S.K.: 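Structure provided below as structure tokens; questions to follow.
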There are 2 protein chains.
Amino acid sequence: MSDVPPKRRKTSARPYHHGDLRRVVLETAAAMVREQKTWQFTLREVARRAGVSHTAPYNHFADKGALLAELAMGGFDALRMALEASRPKRPGAFRDEYFAVARAYVRFGTENPGLYRLMFSQDVGYDVHMSERSVAAFGVMLELLARGQATGAIKKARLRAQAAACWAAVHGITTLCIEGLFEPAIVGKAPVDAALATLFEGLAP
Amino acid sequence: MSDVPPKRRKTSARPYHHGDLRRVVLETAAAMVREQKTWQFTLREVARRAGVSHTAPYNHFADKGALLAELAMGGFDALRMALEASRPKRPGAFRDEYFAVARAYVRFGTENPGLYRLMFSQDVGYDVHMSERSVAAFGVMLELLARGQATGAIKKARLRAQAAACWAAVHGITTLCIEGLFEPAIVGKAPVDAALATLFEGLAP
DNA sequence: ACCTGAACACCGTTCAAGT
DNA sequence: ACCTGAACACCGTTCAAGT
């Protein structure tokens with residue numbers, strides 16, 4: 001009666017061969033990034049938490065870099081979804097839509113500082129940044145500005161350059177917030193909205 | 001005749017007690033950050049390069065973090081000086097001055113990627129970011145915008161918030177450049193100047 | 001006052017061996 | 001096909017000991 005079921009058992013102690021380790025490793029690592037607000041976790045600690053030997057993860061990821069890359073890709077998916085979800089349901093003023101998306105971007109970063117840092121870190125290289133999944137996140141911004149240009153809400157300009165400027169601005173705000181440099185003591189109060197407003201003025205036709 | 005002089009000798013092999021190790025460690029670490037474009041150097045490798053035991057640096061720095069903090073502070077000094085040096089000698093159009101300073105900022109980052117990453121990293125904490133030396137760098141931007149407001153070249157607004165917006169924009173451009181995300185393939189050509197121009201429009205009165 | 005060497009508690013990764 | 005344990009080559013840091 002005390003036979004351990006072959007799979008899936010929250011209370012199962014150690015003695016099973018898992019069957020699902022890849023996902024468990026990924027989720028454990030993600031949880032650690034969330035908790036510690038940094039991606040400097042240890043592969044051995046992940047294995048420890050997952051209850052497997054410290055070499056077991058190597059059956060599912062070539063090395064730590066591969067795990068980091070996978071986490072970063074998931075981050076870009078989550079960012080894209082957060083931006084998409086932020087768009088108002090009913091169409092309204094373009095400025096509101098811009099602010100909603102921009103605030104959602106900054107919010108994603110400040111709520112997931114470790115993950116956001118990882119996504120833009122040098123340690124996840126070129127292939128992550130050029131991946132469909134990360135380009136898709138940038139695509140939300142492209143689409144937003146394209147709509148604004150089409151309705152005349154913002155200046156007509158080369159779309160990619162305009163989107164790059166927006167991206168740089170919200171990215172800069174986000175990273176400064178994350179590193180604690182965008183505090184009232186340094187830059188005055190409500191700096192995020194003020195910066196977003198300045199950016200919006202620059203887009204005006 | 002083959003006596004080793006007590007100090008200062010480029011060719012001196014190992015057998016001396018240095019007398020100047022603190023600066024040598026600092027410079028060696030800085031050189032490694034420059035070469036490797038990252039601040040993930042190893043304290044032991046620094047000591048190796050300096051020709052001392054791997055524990056010798058602990059006589060001059062409490063730990064690796066203290067060395068990183070010192071490097072970062074030096075980086076803020078260098079950034080401030082680069083910005084100050086970029087201002088045109090003879091007074092001209094405010095827009096030119098703005099572009100000169102902004103370009104100098106981005107240039108500093110792209111030419112010193114490892115150092116710039118370190119300066120804004122979480123691993124040099126609050127005390128570095130709140131230090132006089134780093135606040136002084138931000139001061140160059142404050143002063144620039146104050147002058148612009150005074151001459152009516154840009155919109156009158158809360159100075160610190162306006163400077164924060166500028167800082168976020170140039171910081172965002174810089175980090176995206178450093179991580180290789182501001183390449184023509186992704187964001188179109190001449191994205192830096194385009195982004196700086198968009199920012200400038202947002203400052204217009 | 002400064003430097004060294006041994007030592008400790010960790011890492012990431014490889015590899016033969018087990019099931 | 002997946003997992004383990006020993007092993008290797010590293011770290012950062014501490015500390016007694018040397019000069």
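Here is how names work: the chains are called A, B, and so on, in the same order as the sequence lines, proteins then strands, and each is numbered from 1. As the structure is a prediction and not an experimental result, all values here were calculated from the model.
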S.K.: Quick check with a 6.0 Å cut-off and a 45 degree axis cone: is Lys64(A) positioned over the face of Phe41(A)'s six-membered ring?
M.R.: yes
S.K.: Figure out the CG/P separation between Leu43(A) and dC3(D), and round it to whole Å.
M.R.: 14 Å
S.K.: Return the pairing partner of dA17(D) with a 3.5 Å limit on both distances, Watson-Crick or G-U wobble; otherwise return none.
M.R.: none
S.K.: What's the separation between atom CD1 in Ile154(B) and atom CZ in Arg147(B), rounded to the nearest 0.5 Å?
M.R.: 10.5 Å
S.K.: Starting at atom OH of Tyr58(B), determine the distance to atom P of dC15(D), rounded to an integer number of angstrom.
M.R.: 12 Å
S.K.: Take Arg48(A) and Ser53(B), find for each the nucleotide of DNA chain C with the closest heavy atom, and name the residue whose nucleotide sits nearer the 5' end.
M.R.: Ser53(B)
S.K.: For dA1(D), does OP1 or OP2 lie under 4.0 Å from any side-chain N or O of His60(A)?
M.R.: no
S.K.: Within 45° of the ring axis of Phe200(A) and under 6.0 Å from its six-membered ring centre, is that where the NZ or CZ of Arg95(A) lies?
M.R.: yes
S.K.: dT4(C) C1' sits how many Å from Leu21(B) CG, rounded?
M.R.: 13 Å
S.K.: Would you kindly give the CZ-to-C1' distance between Arg44(B) and dT4(C), to the nearest whole Å?
M.R.: 13 Å
S.K.: Which base, if any, makes a Watson-Crick or G-U wobble pair with dC3(D), both distances under 3.5 Å?
M.R.: none
S.K.: I'd like to know if Arg34(A) and Glu27(A) make a salt bridge, using a cut-off of under 4.0 Å between side-chain N and carboxylate O.
M.R.: no
S.K.: Rounded to whole Å, how long is the line connecting atom CZ of Arg23(B) with atom C1' of dC2(C)?
M.R.: 17 Å
S.K.: By nearest heavy atom, map His54(A) and Thr55(B) onto DNA chain C; which one lands nearer the 5' end?
M.R.: Thr55(B)
S.K.: Can you tell me how far P of dA1(C) sits from CG of Asp20(B), to the nearest Å?
M.R.: 18 Å
S.K.: Strictly by Watson-Crick or wobble contacts shorter than 3.5 Å, is anything paired with dA9(C), and which nucleotide is it?
M.R.: none
S.K.: Mind checking the CZ-CG spacing from Phe61(B) to Leu68(B)? Nearest 0.5 Å is all I need.
M.R.: 10.0 Å
S.K.: Whole angstrom is fine here: how far is it from CG in Asn59(A) over to P in dC3(D)?
M.R.: 6 Å
S.K.: Classify the side chain of Thr42(B) versus the base of dG12(D) as yes if they form a donor-acceptor pair under 3.5 Å and no if they do not.
M.R.: no
S.K.: Roughly how many Å is it from CD in Gln40(B) to P in dG12(C), rounded to a whole number?
M.R.: 13 Å
